[in-house]
Amino acid sequence: MEYKYQLNKIQELNIGSGQSYRGDCIFCLNRNTLSVRNDNGSLSWNCFHANCTAKGYLNTGSTVDDLQNFLHSKIKTNHDISFTVPKEFVTVYGNNKARKYIDEYGIENSDARVMYDVKQDRVVFLVENNGQVVGAIGRGLSDNVKPKWYKYNTPLAPFIVGTNKYVGVVVEDCVSACKVALANLTGIALMGTVLPEEYIVPIVDKVDRCFVCLDKDATEKSFKIRDALSYHIPSYVEMIDKDLKYYSVDELKEWGEKICKKIGQ
């Protein structure tokens, strides 16, 4: 459900500062499932019905137009940051170690733009935003290459691969994102367990909803990421038994079908 539409409908309720509302949902029409609060300088709302995706938040000092201008400025900022692909980046097929790494995880057909950095001895995943290369993330191919993962240009967008606009899967690394894409979903790699604020706009611009699938030892962070994304798109935490990069494509497709059924996709 579009955020701006929700916000307009919530503002029609005219909940004053310091007031709250609990009653029938104006979106799904279920009885006594909608909660709205205008408190401490923020307007928040949530429908507790299982089949309703109404949920959001706004600093009440901002208008709808202010919010839209902010989002568009964020998109423009990300789009304007250019990155020149270094001459050291060459085709991955010209290096045996790089080719072996790609083959090991079976990600050669994931549609990701993957190269090899001859200077740093890394497999490199190009990061794109709005069709423009804004950075890259490299994986060292030997133990003496430090750090293991390296960001070129510190891109203001996550590594995203896949064309499924309905369902995205947030994971920790680029290889896992590529494997997710092979399961016909969109993979989103944070390169860690924290969601930078500047990543939110590129994510919500790409997919309508997200599953957060980090390792079990990052469960608390998974829920924090879900909460941050839930203000913009429906988001869920999906616990995984092992890192998605180690799933076979068939296992991933079966897993993808299972999580899509949860949201009726």
Side-chain angles (χ1 to χ4, degrees), residues 1-7 10 27-28 35-37 42-59 62 64 67-68 70-75 77-78 127-130 134 155-174 176-177 180-181 183 185-240 244 255-256 258-265:
M1 191 185 308
E2 187 184 33
Y3 177 81
K4 187 175 180 179
Y5 167 75
Q6 289 189 55
L7 180 58
I10 291 296
F27 303 103
C28 69
S35 174
V36 184
R37 295 182 61 85
S42 64
L43 177 67
S44 60
W45 64 95
N46 182 48
C47 177
F48 297 97
H49 194 273
N51 295 325
C52 185
T53 60
K55 184 175 184 179
Y57 169 90
L58 178 72
N59 183 319
S62 302
V64 175
L67 179 65
Q68 292 302 309
F70 169 76
L71 292 176
H72 287 305
S73 69
K74 280 285 191 180
I75 292 172
T77 298
N78 282 347
V127 179
E128 297 180 277
N129 190 29
N130 293 312
V134 296
L156 298 179
F159 172 75
I160 300 178
V161 57
T163 58
N164 188 327
K165 69 174 184 175
Y166 300 106
V167 182
V169 180
V170 175
V171 294
E172 294 186 26
D173 63 86
C174 297
S176 296
V180 166
L185 303 172
T186 291
I188 302 164
L190 300 181
M191 293 314 303
T193 56
V194 176
L195 175 68
E197 182 182 350
E198 59 267 23
Y199 283 12
I200 294 177
V201 169
I203 292 174
V204 302
D205 192 46
K206 274 286 186 180
V207 296
D208 292 340
R209 53 188 56 79
C210 266
F211 285 90
V212 181
C213 300
L214 307 184
D215 291 343
K216 284 186 176 180
D217 59 3
T219 298
E220 184 177 347
K221 293 181 179 179
S222 295
F223 282 98
K224 287 182 178 179
I225 292 171
R226 181 208 60 185
D227 291 345
L229 289 172
S230 290
Y231 288 123
H232 306 277
I233 55 176
S235 301
Y236 320 87
V237 171
E238 183 70 18
M239 305 305 297
I240 51 178
L244 294 180
W255 175 82
K258 181 183 72 173
I259 65 170
C260 286
K261 285 180 180 178
K262 292 183 177 181
I263 56 173
Q265 288 295 316

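Values below: all heavy atoms of this structure, side chains included; hydrogens, waters and symmetry mates excluded. This is a predicted model, so every value here is computed, not measured.
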Here the gap from Leu229 atom CG to Tyr236 atom OH, rounded to the nearest 0.5 Å, amounts to 12.0 Å
Within the 4.5 Å heavy-atom criterion, are Val127 and Cys174 side-chain neighbours or not? no
Atom pairs and distances, donor-acceptor, side-chain atoms in residues 156-163, under 3.5 Å, two or more places apart:
none

pair Thr193-Asp215: side-chain heavy atoms closer than 4.5 Å: no
Heavy-atom closest pair (Val170 atom, Leu214 atom, distance to 0.1 Å) is O-CD2, 4.1 Å
Partners meeting side-chain hydrogen bond (donor to acceptor under 3.5 Å, both in side chains) with Asn164 (sequence neighbours left out): none
Could you measure the distance from the CZ atom of Arg209 to the NZ atom of Lys165? Nearest 0.5 Å is fine. 10.5 Å
How long is the span from the CD atom in Glu198 to the CD1 atom in Ile203, to the nearest 0.5 Å? 10.5 Å
Nearest non-hydrogen partners of Val237 and Ser222, listed with the distance: CG2-O, 3.6 Å
Apply side-chain hydrogen bond (donor to acceptor under 3.5 Å, both in side chains) to Arg226 and list each qualifying residue two or more places apart in sequence or on a separate chain. none
Least distance between heavy atoms, Ile233 atom then Cys210 atom: CD1-SG, 4.1 Å
Kindly check if the number of other-residue, nucleotide or ligand heavy atoms within 6.0 Å of NZ (Lys206) is above 12? no
In terms of heavy-atom contacts, Phe27 and Cys52 come closest through CB-SG, 4.3 Å
Test your reading of the model: is there a side-chain donor-acceptor pair from Asp173 to the backbone of Ser176, 3.5 Å cut-off? yes
Please find the pair of heavy atoms, one from Ser35 and one from Phe48, that lie closest to each other, and give the distance. CB-CE1, 3.5 Å
Work out which heavy atom in Ile240 is nearest to a heavy atom in Cys213; give both atom names and the distance. CD1-O, 3.7 Å
Test log, rule side chain to side chain contact (heavy atoms under 4.5 Å, CB included), inputs Val212 and Leu195: CA-CA 11 Å; Val212 181; Leu195 175 68; over 6 Å; no
State, yes or no, whether a side-chain contact exists between Leu244 and Trp255 at a heavy-atom distance under 4.5 Å. yes
How about Lys221 and Glu172: do any of their side-chain heavy atoms sit closer than 4.5 Å? no
Once rounded to the nearest 0.5 Å, what's the spacing between atom CG of Asn46 and atom OG of Ser230? 9.0 Å
